[in-house]
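A quick write-up on the structure given underneath.
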Amino acid sequence: AQQGRIREKAYGKQKIYFADQEQLPAASDAELRGLDAQIATLSGQVQVLQQNCRQMEAELKDLSSSMTTSEMAKEIKELKKDCESYTEKLERMKSATNHVTPEEKEKVCSEQKLYCREWRRRKRMATELLDAILEGYPKSKKQFFEEVGIETDEEHNVVLPAAV
């Protein structure tokens with residue numbers, strides 16, 4: 001700074017040093033235009049290279065996420081083994097002699113409907129009865145259920161089958 005090659009500016013406690021541009025030769029308009037053209041050319045090249053880089057990164061990501069040939073062969077072996085076991089299981093099921101007849105199946109389904117209908121009816125009756133008791137009860141529903149020892153379907157995550 002004392003020799004005049006660089007300049008110094010003080011901003012409070014900080015000092016900034018920078019090149020003294022008055023000592024540099026002034027560029028002509030032709031040189032500036034040439035430099036601007038060079039900047040534009042280089043910027044275009046940078047954009048092309050960045051696009052190529054993005055494409056190559058995407059391709060690398062695709063290739064790294066896909067299976068290798070040995071992994072693919074191992075997967076095919078496992079799938080063939082699974083297919084064979086399922087085929088054997090299917091054959092055993094087809095050859096079994098203890099099939100359920102349509103009449104038995106219909107009987108079981110009708111019994112299930114009957115029992116579900118009865119379950120709904122009894123649950124509705126119990127709910128109505130408990131609601132009537134709770135109208136005059138001073139404590140909460142939860143406290144009443146604890147005192148009486150009532151366990152609900154919801155406490156045990158039991159869901160009534162959908163009506164058919």
Side-chain angles (χ1 to χ4, degrees), residues 9-18 35-164:
K9 274 195 174 182
Y11 290 102
K13 294 181 181 179
Q14 296 177 349
K15 292 182 180 180
I16 297 176
Y17 295 93
F18 56 93
L35 289 174
D36 286 341
Q38 188 178 1
I39 289 172
T41 304
L42 292 175
S43 295
Q45 289 176 355
V46 165
Q47 286 179 349
V48 168
L49 290 173
Q50 285 176 335
Q51 185 177 2
N52 287 342
C53 184
R54 281 192 295 271
Q55 288 174 348
M56 288 181 180
E57 285 174 345
E59 187 177 343
L60 175 64
K61 183 179 176 186
D62 287 344
L63 290 174
S64 63
S65 66
S66 63
M67 288 195 260
T68 63
T69 306
S70 59
E71 290 173 338
M72 190 72 73
K74 185 177 178 182
E75 183 75 17
I76 289 172
K77 272 185 184 177
E78 290 176 13
L79 290 173
K80 283 184 179 180
K81 197 182 299 181
D82 289 347
C83 186
E84 289 173 8
S85 68
Y86 289 137
T87 305
E88 287 176 20
K89 189 175 181 180
L90 179 64
E91 289 301 319
R92 282 196 311 264
M93 286 180 180
K94 283 182 179 179
S95 65
T97 57
N98 59 351
H99 292 293
V100 177
T101 64
E103 293 83 24
E104 291 174 332
K105 181 180 176 184
E106 184 60 37
K107 180 182 174 191
V108 169
C109 288
S110 64
E111 285 180 2
Q112 183 201 19
K113 288 178 186 176
L114 174 72
Y115 295 141
C116 286
R117 196 169 36 246
E118 189 65 23
W119 183 2
R120 275 191 196 81
R121 190 178 69 78
R122 290 182 183 197
K123 184 174 182 173
R124 186 176 54 251
M125 287 184 344
T127 304
E128 289 172 359
L129 181 65
L130 290 171
D131 288 342
I133 293 171
L134 286 170
E135 283 180 11
Y137 192 71
K139 297 180 184 175
S140 71
K141 183 177 184 177
K142 186 175 181 181
Q143 289 173 332
F144 175 70
F145 281 11
E146 280 183 23
E147 286 179 17
V148 177
I150 296 174
E151 295 177 358
T152 63
D153 293 339
E154 291 76 20
E155 287 177 2
H156 295 281
N157 297 323
V158 176
V159 179
L160 195 64
V164 179

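Keep in mind that this is a model prediction, so the values were computed, not measured.
The shortest heavy-atom contact between T127 and K123 is OG1-O, 2.7 Å. Of all non-hydrogen atoms in K141 and L134, the two that sit nearest each other are CG-CD1, 3.4 Å. Shortest non-hydrogen contact noted between L160 and R120 is CD2-CG, 2.8 Å. Nearest heavy atom pair, residue T152 against residue F145, reads CG2-CE2, 3.5 Å.
Ionic pairing of K142 and E154 is not present here: no N-O contact between side-chain nitrogen and carboxylate oxygen is shorter than 4.0 angstrom. A salt bridge does not link E78 to K81: none of the charged nitrogens lies less than 4.0 Å from a carboxylate oxygen.
In this structure, L129 CG and I133 CD1 are separated by 4.5 Å, a value rounded to the nearest 0.5 Å. Here the CG-OH distance, from L79 to Y86, works out to 10.0 Å after rounding to the nearest 0.5 Å. Taken to the nearest 0.5 Å, the OG1 atom of T87 stands 12.0 Å off from the NZ atom of K89. Interatomic distance, E88 CD to C83 SG, rounded to the nearest 0.5 Å: 10.5 Å. Separation of atoms CG (D36) and OG (S43) is listed at 10.5 Å; rounding is to 0.5 Å. The distance from atom CZ of F144 to atom CG of L130, rounded to the nearest 0.5 Å, is 5.5 Å.
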For K94 and L90, what are the C-alpha separation, side-chain angles and deciding distance, and is it a side chain to side chain contact (heavy atoms under 4.5 Å, CB included)?
CA-CA 6 Å; K94 283 182 179 179; L90 179 64; 3.9 Å; yes
E104 and K107: CA distance, side-chain angles, deciding distance, salt bridge (charged side-chain N to carboxylate O under 4.0 Å, His left out) verdict
CA-CA 5 Å; E104 291 174 332; K107 180 182 174 191; over 6 Å; no
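Q14 places no side-chain N or O within 3.5 Å of a backbone atom of Y11 that could act as its donor or acceptor partner.
No more than 12 heavy atoms of other residues, nucleotides or ligands shown are found within 6.0 angstrom of CD on E59.
For the pair V108 and K105, the minimum side-chain heavy-atom distance is 4.5 Å or more.
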Just list the side-chain donor-acceptor pairs under 3.5 Å for residues 46-57, sequence neighbours left out, or say none.
none

